[in-house]
There are 2 protein chains.
Amino acid sequence: MKKRPTIKDVARKVGVTHSTVSRVINDNPAISGRTKDKILKAMKELSYQPNLVARGLVRRKTHAFALITPDLNPHVLPIIKGISDTCRRLGYGLMLFSTDYWIGENRSYAEVVRNWLVDGVLIYNVIYHEDVPENIRELEEENIPCVFINKFLGKNKVNNVSVDNDEAVFKAVSHLAATGHKRIGMIKGGMLSVDGVERFNAFRKSLEKLEIEFDENITGCGNFFFSEAYEEMKRILCSSPGRPTAMFCANDLMAMGAVKAAEDMGLKVPQDIAVAGFDDLEAARFFKPSITTLKPPLEDIGGKAIEMLLRVIENPSRPVEEIGLGSRLIVRESSVV
Amino acid sequence: MKKRPTIKDVARKVGVTHSTVSRVINDNPAISGRTKDKILKAMKELSYQPNLVARGLVRRKTHAFALITPDLNPHVLPIIKGISDTCRRLGYGLMLFSTDYWIGENRSYAEVVRNWLVDGVLIYNVIYHEDVPENIRELEEENIPCVFINKFLGKNKVNNVSVDNDEAVFKAVSHLAATGHKRIGMIKGGMLSVDGVERFNAFRKSLEKLEIEFDENITGCGNFFFSEAYEEMKRILCSSPGRPTAMFCANDLMAMGAVKAAEDMGLKVPQDIAVAGFDDLEAARFFKPSITTLKPPLEDIGGKAIEMLLRVIENPSRPVEEIGLGSRLIVRESSVV
DNA sequence: GGTTATAATGCACACGTTAACATTAAATCA
DNA sequence: TGATTTAATGTTAACGTGTGCATTATAACC
């Protein structure tokens, strides 16, 4: 790599000290217009650019953030996009650290920040219950600015931005109710995840609000998987005395599994049974029938998370902030004729 | 953020100079075993970690790479995963820069590297023909280590790792031929993209090798879109005298469009017409019928690209290296009963 | 035992920038 | 006019590491 001109090269060319050049770079008002112009001109001629590493050393800020994500699943892509776009807009860099095995990994992610390679951290989708994992406690103990994407099940509050499951689920269930359904069942996701728990609770609250009876018998758990949902749906359709006329599924994969189960049992979707999912996977659009679903504002979440991180950095001692964003209901073939 | 211990803190604790500590950090053999042990012990006790920014300043290496990608589409996710995993394995950091409008953007991406924030760059899916875009020429001119993911259409060779379209397409066409098809058509992708051009050429070469006649009349262009492929497929099925019994599509979206068109015209897939795609989208698995497709080794591509980048850094003047990786054929319902 | 090779460590500067403090020149005031 | 404020720039010391060279202490040699 070619050697780049430094602040001193610029200074020499103009006939001033490097600190004068530094001042114009940082918009210090003490510099006279005349020398400022000369310096700017010289910088352009040499195509000078400040060395961010050197600046990072003295300022103790690198002007970069890190995103730490335990897995790279399709959901995370729009989130990354939101984060990346926002970083670009604000002039920040973005480092990406992914790992498939977050908890229990002996390498600490605070390392990254400790070395001052980043000014703050975004953490996606880390799930824990009672005990805070070592890696995260480290971040807290060292007061590293940090915002979580998605919530915890644990009791302690953290800065986070996530999908408002209550709002979203109510939209979907209302839609099913509005199209005439009185017996609505649900295929739950895994109860170890925040979304699994929240979406189920939201489902029950929605029924209550809409004055529809909740029936345990038409409820199953598919753990967010296509195949498990398929089995559960078959079980529900076979065994229960009063068959459901609509099913809400905690994600699209399970909704597709439920649809397939219904069809394999000779039922027509949506005529005999309506189905709605959550996520708006690409597959949900192309599935036959296409799946009615909730589209979470993932790009927004990424953007808002960065903005929150900036607020945290500016004022580390401010009270914990939690933001939930609304989703869009996309009505497709699986719920209406 | 808490102040971290420095090399000097360690030195003071042991009673040596900071340069001695630096030497043990860098495995300099000049240090005696006794002091080395003492220093290692002190480092552990203080939980010292080298400041990578400071090191980056003096070494002119940050031990981080950048991935620049014009868009964040689903294909790029496994590539990112491959890159990220490999970086982690090698102890490198990864910066992510995405932009939807690469060419014509006035901000230069060489900036990133010039500031020595990264040691090398991976560029995904930048397409150009005759004139090299400014941004890329800049990288070349300044001898910035750089590897491309996916090839160019331009005449000049670059270091790159990509999908071997010849190999993949031949696999798919052979499969169709092996299941008895003699009239095989194709829905092409956009001819402005490398994959579009290469996959079509590979298709023709495959037919030749398999001694099957190529017929322009059962060839269409869907520009990689579902809807355009749908229309083209209808056109082909309506107009041509000798209807094709199998279609190869340059990607899965178009394959799904082609299937839908065939079914809407009363044909059964695969009984009346077989269809194969490319990409192995998640949707291709859940589509009905599920789509026979080629799964490109995207994670591998990411990993190999990083490895190539390391070779480029080690020896910048070595001859240009081009690697093409093979794909896996996944046979599903759309091509066999 | 003195000379020389060798092993182990210290010293001082460099990397490119920022920023506190010092200095000079110019402008304002009494 | 001389004192004093203000504006503009220079000096210098950080930031945390790495490294060439100098300096010891130790071992080897004759």
Side-chain angles (χ1 to χ4, degrees), chain A residues 1-40 42-43 46-64 111-119, chain B residues 1-40 42-43 46-64 111-119:
Chain A
M1 283 198 261
K2 241 171 28 184
K3 189 173 169 355
R4 303 283 321 158
T6 75
I7 209 174
K8 290 189 181 168
D9 296 322
V10 177
R12 197 171 319 124
K13 183 166 173 136
V14 179
V16 293
T17 357
H18 68 279
S19 43
T20 308
V21 177
S22 171
R23 277 186 264 257
V24 344
I25 290 172
N26 296 289
D27 279 328
N28 187 317
I31 303 300
S32 74
R34 239 171 49 83
T35 51
K36 182 171 179 176
D37 290 345
K38 280 198 292 185
I39 288 172
L40 288 174
M43 290 192 344
L46 294 173
S47 74
Y48 165 81
Q49 279 182 242
N51 179 324
L52 298 188
V53 176
R55 176 181 290 171
L57 182 58
V58 40
R59 283 221 184 125
R60 291 139 166 275
K61 297 262 175 205
T62 55
H63 230 63
E111 274 184 28
V112 179
V113 194
R114 283 205 209 105
N115 298 331
W116 294 312
L117 278 176
V118 296
D119 300 339
Chain B
M1 281 199 263
K2 241 172 29 184
K3 190 172 169 0
R4 302 285 320 162
T6 75
I7 209 174
K8 290 189 184 172
D9 296 323
V10 178
R12 197 169 319 125
K13 184 166 173 135
V14 179
V16 293
T17 357
H18 71 277
S19 43
T20 307
V21 177
S22 171
R23 277 185 262 257
V24 345
I25 290 171
N26 296 288
D27 279 329
N28 188 317
I31 303 300
S32 74
R34 238 171 49 83
T35 53
K36 183 171 179 176
D37 289 345
K38 280 199 289 183
I39 288 172
L40 288 174
M43 291 195 337
L46 294 173
S47 72
Y48 165 81
Q49 279 183 242
N51 180 324
L52 298 187
V53 176
R55 176 181 288 171
L57 181 59
V58 41
R59 283 221 185 125
R60 290 139 166 276
K61 297 261 177 208
T62 55
H63 229 63
E111 275 184 28
V112 179
V113 194
R114 284 205 209 105
N115 298 330
W116 292 314
L117 278 177
V118 295
D119 300 341

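A note on names: the letters A, B, ... follow the listed sequences, proteins ahead of strands, and every chain is numbered from 1.
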From [X] atom [atom1] to [Y] atom [atom2], the distance as rounded to the nearest 0.5 Å:
X	Y	atom1	atom2	answer
L57(B)	L57(A)	CG	CG	6.0 Å
I7(B)	H18(B)	CD1	NE2	6.5 Å
L46(A)	D9(A)	CG	CG	6.5 Å
L52(B)	R59(B)	CG	CZ	9.5 Å

Is there a side-chain contact between [X] and [Y], using heavy atoms and a 4.5 Å cut-off?
X	Y	value
V24(A)	L40(A)	yes
V16(A)	K38(A)	no
R4(B)	S47(B)	yes

TODO: For residues A30(B) and N28(B), report the shortest heavy-atom separation together with the two atoms involved.
DONE: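 In this case the closest contact between A30(B) and N28(B) is N-OD1, 2.9 Å.
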Open item on the list: Which heavy atom of D119(A) sits nearest to which heavy atom of R60(A), and what is that distance?
Closed with: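 Closest approach of D119(A) to R60(A): OD1-O, 4.5 Å.
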- [ ] Under 4.0 Å from any heavy atom of chain A: name the first and the last nucleotide of DNA chain D that qualifies, 5' to 3'.
- [x]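 The footprint of chain A covers dA8(D) to dG16(D).
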Task: For DNA chain C, stems built from three or more consecutive Watson-Crick or G-U wobble pairs below 3.5 Å - done: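 Paired runs of 3+ in DNA chain C: C:1-30 with D:1-30.
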Open item on the list: Main chain of G56(B), side chain of T62(B): is a donor-acceptor contact present, judged purely on distance under 3.5 Å?
Closed with: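 No, because the side chain of T62(B) does not come within donor-acceptor range (under 3.5 Å) of the backbone of G56(B).
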TODO: Kindly say whether S19(A) contributes a backbone atom to a donor-acceptor pair with the side chain of T17(A) at under 3.5 angstrom?
DONE: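 No, T17(A) side chain to S19(A) backbone: no donor-acceptor pair under 3.5 Å.
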Find every protein N or O atom lying less than 3.5 Å from an N or O atom of nucleotides 13-17 of chain C, and list the pairs.
from    : atom 1 : to     : atom 2 : distance (Å)
dG16(C) : OP1    : K3(A)  : NZ     : 3.4
dG16(C) : OP1    : R60(B) : NH2    : 2.7
dT17(C) : OP1    : Y48(A) : OH     : 2.6
dT17(C) : OP1    : N51(A) : N      : 3.0
dT17(C) : OP2    : I7(A)  : N      : 2.5

- [ ] Apply ring pair (Phe, Tyr, Trp, His ring centres under 6.0 Å) to H63(B) and list each qualifying residue two or more places apart in sequence or on a separate chain.
- [x]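 H63(B): ring pair (Phe, Tyr, Trp, His ring centres under 6.0 Å) contacts with Y92(B).
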TODO: Report the C-alpha distance between V21(B) and Y48(B) in whole Å, list the side-chain angles of each, state the deciding distance to 0.1 Å, and finish with yes or no for side chain to side chain contact (heavy atoms under 4.5 Å, CB included).
DONE: CA-CA 11 Å; V21(B) 177; Y48(B) 165 81; 5.6 Å; no
Open item on the list: One character per nucleotide, please: for nucleotides 20-28 of chain C, 5' to 3', B when the base has a protein heavy atom closer than 4.0 Å, S when only the sugar-phosphate does, - otherwise.
Closed with: B--------
- [ ] Specify the residues of residues 28-36 of chain B, ordered by number, for which at least one heavy atom lies under 4.0 angstrom from an atom of DNA chain C.
- [x]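 Under 4.0 Å from DNA chain C: A30(B), I31(B), S32(B), T35(B).
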TODO: Take M43(B) and I25(B) through the test side chain to side chain contact (heavy atoms under 4.5 Å, CB included) and record every step on the way to the result.
DONE: CA-CA 10 Å; M43(B) 291 195 337; I25(B) 290 171; 3.9 Å; yes
Task: Residues K13(B), V10(B); criterion side chain to side chain contact (heavy atoms under 4.5 Å, CB included); working and verdict - done: CA-CA 5 Å; K13(B) 184 166 173 135; V10(B) 178; 5.8 Å; no
Open item on the list: Under 4.0 Å, heavy atoms only, any strand: does V53(B) hit a base, just the sugar-phosphate, or nothing?
Closed with: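 Since no nucleic acid heavy atom lies under 4.0 Å of V53(B), the category is nothing.
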